[in-house]
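Only one structure is covered here, and it is reproduced in the block below.
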Amino acid sequence: MAPVKKGILERLNAGEVVIGDGGFVFALEKRGYVKAGPWTPEAAVTHPEAVRQLHREFLRAGSNVMQAFTFYASDDKLENRGQELNITGAKINEAACDLAREVASEGDALVAGGVSQTPSYLSCKSETEVKAIFKKQLEVFMKKNVDFLIAEYFEHVEEAEWAVQVLKTSGKPVAASLCIGPEGDMHGVSPQECAVRLVKAGAKIVGVNCHFDPMTCVKAVKMMKEGVEKAGLKAHYMVQPLAFHTPDCNCQGFIDLPEFPFGLEPRILTRWDMHHYAREAYKAGIRFIGGCCGFEPYHIRAVAEELATERGVMPSASEKHGMWGAGLEMHTKPWVRARARRDYWEQLLPASGRPKCPSLSTPEGWGVTKGHADLLQHKEATSTQEMKHVLEVQKKVKTSA
């Protein structure tokens, strides 16, 4: 019989570094399997080979967690704003769990089932209605016996609390990550208070994912850690940031940037940036370290390589990658061979090659969140009148910026 894999809490309690995977919706959108806008994961059903391959690449890059591709797989999201998929959330979640389990069995990886924020919450549906959505997803995760659960990508700590309260009824370990920065959630709740509320709700692991760059996310998790410790509570910490530089973002994060989502490539972090991120996260006491939107397998490989000594293993994908560019010693051109050293890549200031582009952008801060009329969701496709309204608002926001 194959040895039983250690669970997520066993690993973290032992001080091990757990490496997450990357941003599936962004990666698969670029590959032609996810539609930008809805960002829903029906590819788990319609193109399982694409999802399986991405899992496999992250596993090879060093990931210890195969997070099932269940992001936004709630029925209210699948039916939102004119989507007619004819694929239920349950079917997507089941397929996603099967794919994650298949690949996890090829290495020392755990399977996580995840829930995320809902259109129903933004539309001010009741706690009972929103929790019913999470319960429906949890039923699938229990059926598929995932190793642990993640409540991720929540802009409002209240909704994240509801998710954690539902997920903890499973008896499985629950992790909770908010898509917030140091300014806190969309209602101004600080990272410290958010973390305390999530731990009290039942989360054993707390942190942040998405919306901000690695250093901003690490800073936010440090604040969470401070809050939890000051409250006399205990938790483990996780961070899964963007692979984009976001120094110019406001509270809403990168979705307010004018480049979102199709012009973000100039902001992508290099693999050497990822080494720095992994080290800073580790120094901050964070032991669940992964990525979100923009992260590709080579980014995760860089994280795994930076922490190889602490983990006691190099990722399989490093067979094709010399540390700090060592493979360039085999290049035919001597000036490229000269770059086969750590100090060269650590000191490099990459140019964008875009002479007319600014270094920073002005975020489109509309200042609306749950409870505002503009965020009421519906099944019908966005109408011409609605588009006219949002364009008018956008014009006013840019004029006043």
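As the structure is a computational prediction, the values presented were derived from the model and not from experiment.
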Are a donor atom and an acceptor atom from the side chains of [X] and [Y] found within less than 3.5 Å of each other?
X      : Y      : answer
Lys230 : Gln192 : no
Ser361 : Glu259 : yes
Ser383 : Gln385 : no
Gln137 : Thr70  : no
Ser316 : Arg60  : no
His275 : Glu346 : no
His299 : Tyr277 : no
Glu129 : Ser120 : no
Ser63  : Asp21  : no
Gln53  : Glu57  : yes
Glu386 : His378 : yes
Asp374 : His389 : yes
Gln252 : Glu364 : no
Glu158 : Tyr121 : yes

- Under 6.0 Å between the ring centres of Phe24 and His55? yes

- Using a 4.5 Å cut-off on heavy atoms from C-beta on, say whether the side chain of Leu78 contacts that of Thr88. no

- Would you say the side chain of Lys172 lies within less than 4.5 Å of the side chain of Asn145, judging by non-hydrogen atoms? yes

- Should the pair Arg31 and Tyr33 be classed as cation-pi, given the thresholds of under 6.0 Å to the six-membered ring centre and 45° from the axis? no

